[in-house]
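In listed order, ligands and their atoms are each counted from 1.
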Amino acid sequence: AFQKERRTKMNGSVNNVEKPNKYFDKKDKADFLYHFGFGVDTLDIPAVFGDTKFVCTGGSPGRFKLYAEWFAKEANIPCSENLSRSDRFVIYKTGPICWINHGMGTPSLSIMLVESFKLMHHAGVKNPTFIRLGTSGGIGVPPGTVVVSTGAMNAELGDTYVQIIAGKRIERPTQLDSAVREALVEVGNEKNIPVETGKTMCADDFYEGQMRLDGYFCDYEEEDKYAFLRKLNGLGVKNIEMESTCFASFTCRAGFPSAIVCVTLLNRMDGDQVQIPKEKYIEYEARPFHLVTAYIRKVTGI
Ligand code: R2B
Ligand code: URA
């Protein structure tokens, strides 16, 4: 019941929160988070993670180590060592913020999210906010734009996350928290970070699934690519990445407020190759960090 109450406090949410798996608590004591490499029996999870308020996530392990270190430096607080005991994901902690990478694509992200949700459960954390800080391909916005997603669209252009369970297709809603989004946009404007809001399309691959002309395979024409991007544009899509539907759907099911903040590395209307000068890449990948950090510091007072 307390989870339902939590969810109704969130703006823009209409869905009931799902309770954790009914088999979960019976197995609680022995639970091992395989892809994090530790479990209830091998780590004092409440002592290490019990104060968590934000879980920041994104694809690359190196970038998330860097983000954690930058945050620690900026807030003048310590940064943990890598707390993961597996080489699948890295986990850093700076005060009440966890920085965990999720790899590329929804299968990898789904594993990381399930284990993060179990981690929060074992730690006794009641209402963590999850934020994805990522990269993406822009549609009709200049490279370097930070898109704060209003919703996530799947590869069939539906506003759902499609899971195949027991041979059946299950579709779930992909809402994001409007209060967190609005607060992020406000901070972006205050900080002069180029922020836009819009829908995010989640593709199942980087090349054909995003209608690139630079993959190994390409059985469509250049005009098909532009027609598809224009169609997305007409549906309010500002960027394409590879995790948004799963991220939105899982956080929504758990009742955790969440947001997706992705910088665009290129405008797909102008090309497909991601080949930007190193200094530009560093500048662009720092933008979601600056935006999310300013927001977190504002709401936590850290
Ligand atoms: C954005 O960038 C990655 C592909 O290059 C993928 O994880 C994503 O969503
Ligand atoms: N990530 C994607 O998924 N697509 C892009 O075009 C750039 C980054």
Atom 3 (O) of ligand 2: nearest protein contact (heavy atom, Å): Q210 NE2, 2.9 Å
Heavy atom of the protein closest to atom 6 (O) of ligand 2 (residue, atom name, distance): R212 NH2, 2.7 Å
Salt bridge present between K93 and D51 (N-O < 4.0 angstrom): yes
Any residue meeting salt bridge (Lys or Arg N to Asp or Glu O under 4.0 Å) with R230, in chain and number order, not counting sequence neighbours: none
Set of residues satisfying salt bridge (Lys or Arg N to Asp or Glu O under 4.0 Å) with respect to E283, sequence neighbours excluded: K280, R287
Gap between atom CE of M201 and atom CG of L235 - 0.5 Å precision: 10.5 Å
Residues K298, E186; criterion salt bridge (charged side-chain N to carboxylate O under 4.0 Å, His left out); working and verdict: CA-CA 11 Å; K298 191 173 171 181; E186 198 180 298; 3.6 Å; yes
Contacting atoms of ligand 2, where contact means under 4.0 angstrom from a heavy atom of I240: 2 (C), 3 (O), 4 (N)
For ligand 1, which of its N or O atoms have a protein N or O partner closer than 3.5 Å, and how long is each gap?
unit_1: ligand 1; atom_1: 2 (O); unit_2: T135; atom_2: OG1; d: 3.1
unit_1: ligand 1; atom_1: 7 (O); unit_2: E243; atom_2: OE2; d: 2.7
unit_1: ligand 1; atom_1: 9 (O); unit_2: R132; atom_2: NH2; d: 3.3
unit_1: ligand 1; atom_1: 9 (O); unit_2: M242; atom_2: N; d: 2.8
unit_1: ligand 1; atom_1: 9 (O); unit_2: E243; atom_2: OE1; d: 2.4
unit_1: ligand 1; atom_1: 9 (O); unit_2: E243; atom_2: OE2; d: 3.4

L266 and ligand 2 - part of the residue with a heavy-atom distance under 4.0 Å: side chain
Within reach of ligand 2, part of S136 (heavy-atom separation under 4.0 Å): backbone
Sub-4.5 Å side-chain heavy-atom contact between E18 and R172: yes
Inter- and intrachain pairs under salt bridge (Lys or Arg N to Asp or Glu O under 4.0 Å), touching residues 129-141, at least two apart: R132-E241, R132-E243
Distance-minimising heavy-atom pair for E208 and D219: OE2-OD1, 4.5 Å
Shortest heavy-atom approach to atom 5 (C) of ligand 2 - which of C202, G134, G137: G137
Given T129, T57, D177, T251, the one that forms side-chain hydrogen bond (donor to acceptor under 3.5 Å, both in side chains) with S258: T251
